[in-house]
2 protein chains.
Amino acid sequence: MPKVSDEHRAAQILDAAMRLAATEGFHRMTMAEVVAVSGLSAGAVYGYFRSKQELVRAIAQRAVGRIATTIDALADAEPPVPPAEGLEAVLDRLLGLSDELGYDVPALAIQGWSEATRDPEVREILGTELLRVRRAWRDFAERVRDRGLLSPEADVDAVGNALMAMLPGFIVFRTVFGDVTPRSHASGVAELMRQPPSR
Amino acid sequence: MPKVSDEHRAAQILDAAMRLAATEGFHRMTMAEVVAVSGLSAGAVYGYFRSKQELVRAIAQRAVGRIATTIDALADAEPPVPPAEGLEAVLDRLLGLSDELGYDVPALAIQGWSEATRDPEVREILGTELLRVRRAWRDFAERVRDRGLLSPEADVDAVGNALMAMLPGFIVFRTVFGDVTPRSHASGVAELMRQPPSR
DNA sequence: CCAAACAGAATGGACGCTCGTTTTTTGATG
DNA sequence: CATCAAAAAACGAGCGTCCATTCTGTTTGG
């Protein structure tokens, strides 16, 4: 029986906890459930995470880190495409991430935002990671502009922010309405950008 | 709600509960606090709301109703303005609503989204009210298009959705980054719409 | 054989909710 | 207008449950 490393054990607990947090939310996720799903005991879990709060923070860190990495990669992809296409690709990837990881990533995102409103440490974790995402969107906007798909005078920070801001909207609409797809959501950006008649 | 006769009492309780929910979130808001802040007793509170869950649903209903009404009015305002200006006005009004009501409306919105992921009744409440908002944005987009500020072929549903989708982004960015204003947020839309050089 | 890891029952506190009691309101009566 | 009894509303201490965390053995690997 090979000894399992500390990191593996911690990951095992985190996996269980993330699945639970995604389906029930942070507060309804009990330590007893984490213990049951992880297959360890209460004592063991507390050997790796000193408290539920620490576990929640670790979940937030891991989840937002994965999301940030996913989006980074896409926004950096060459060649530059129109903004709406880039957005659609990111939204697609966000849903793909859910399948890949086996839990509802958008639901976890909402949990994270909620937790960020009352735990400053979680807010900082999200802030740090999402800053990466922000820069990625800025760079994307810059490359798109340089390709002539935006006005040469366009403020790439503002454009990047606007595109990134479509993401929470997608997550919320999906939760509340349930009828929105990456394509339908991104098409709004394309429609907004259609040329009005010269005036 | 059993008591239709004395809805002032119910409003009194709701006021207290909403203030608490906005500052601490639904799960950290205890009934003991609601009792204390409302100035009534536990028994009295339970005479108006059969359970904490029912109280939470009432908070969601009231909060989203107010937000929807506020946005409705603005999106309907004449005369039509460019999309970015309309968005900025709505974001301004959202912050104004917080001052007016005395609690953090964006924070309450996040709580509502979080609750919607696990209470189908809250999800339905949000869905119904936000459908009104969605229609208001569609109408806004339509009028803006008819004024020549959008392409005549623009899909007003898609444009309305995109503008409305900027709202959760604003709320989340404000919570996580803290550095975004109605103006900076809305400017992204304006920048996105600037004419690229003809090609 | 020892130290580190683990198990799981036990603990203590928090919180939603109830229920017997007290206060207030109502309205009928002289 | 005063009185009073019955009904309605409010009170608030306490109950039961749930849940994070601990702690005392027990197991396991070296």
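Numbers restart at 1 for each chain; the letters A, B, ... are given by sequence-line order, proteins then strands.
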Starting at CG of Leu55(A) and ending at P of dA20(D), how long is that distance when rounded to a whole Å?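 Rounded to the whole Å, the gap is 10 Å.
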
Do Ser151(B) and Glu153(B) get their side chains close enough for a donor-acceptor pair, meaning under 3.5 Å?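 Judged by distance alone, the side chains do pair up.
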
In whole Å, I'd like the distance from the CZ atom of Arg50(A) to the C1' atom of dT21(D).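 Atom-to-atom, Arg50(A) to dT21(D), this comes out as 14 Å.
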
What is the distance, to the nearest angstrom, from the CD1 atom on Ile13(B) to the C1' atom on dC11(D)?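 From Ile13(B) CD1 to dC11(D) C1': 13 Å.
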
Using whole Å, what does the distance between atom P of nucleotide dC15(C) and atom CZ of Phe49(B) come to?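 From Phe49(B) CZ to dC15(C) P: 20 Å.
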
Just call it for Arg9(B): base, sugar-phosphate, or nothing, with non-hydrogen atoms closer than 4.0 Å on any strand.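 Touches sugar-phosphate only.
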
Just to be sure I understand the geometry, which residues of residues 38-47 of chain A put a non-hydrogen atom under 4.0 Å away from DNA chain C?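 Leu40(A), Ser41(A), Ala42(A), Gly43(A), Ala44(A) - these, ordered by number, are the residues of the stretch whose heavy atoms sit under 4.0 Å from the strand.
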
Rounding to an integer number of Å, can you tell me how far Glu54(B) CD sits from dC17(C) P?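 In whole Å, dC17(C) P lies 10 Å from Glu54(B) CD.
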
Could you state the CE-C1' distance from Met31(B) to dG12(D), rounded to the nearest angstrom?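 For the pair Met31(B) CE and dG12(D) C1', the rounded distance is 14 Å.
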
Would you kindly check if the NZ (Lys) or CZ (Arg) of Arg9(A) is within the cone defined by 45 degrees around the ring axis of Tyr48(A) and under 6.0 Å from the six-membered ring centre?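 Geometry flag: not set, cation outside 6.0 Å or 45°.
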
For His27(A) and His27(B), take the angle between the two ring planes, folded into 0 to 90°, and tell me which bin it lands in: parallel under 30, tilted 30 to 60, perpendicular over 60.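 Ring orientation, 0 to 90° scale: parallel.
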
What is the distance, to the nearest angstrom, from the CZ atom on Arg28(B) to the C1' atom on dG16(C)?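 Interatomic distance, CZ of Arg28(B) to C1' of dG16(C): 18 Å.
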
Between P of dT18(C) and NZ of Lys52(B), the distance in whole Å: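 Distance check: Lys52(B) NZ to dT18(C) P gives 15 Å.
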
Under 4.0 Å between a side-chain nitrogen and a carboxylate oxygen: does that hold for Arg93(B) and Glu100(B)?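 Looking at Glu100(B) together with Arg93(B), the answer is yes, because their closest N to O distance falls below 4.0 Å.
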
Test item: side-chain donor near acceptor, Arg28(B) and Thr23(B), under 3.5 Å: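 Absent: no donor and acceptor within the cut-off.
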
Return yes when atom CZ of Arg118(A) has more than 12 non-hydrogen atoms of other residues, nucleotides or ligands closer than 6.0 Å, and no otherwise.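 Atom CZ in Arg118(A) is packed in, count exceeds 12.
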
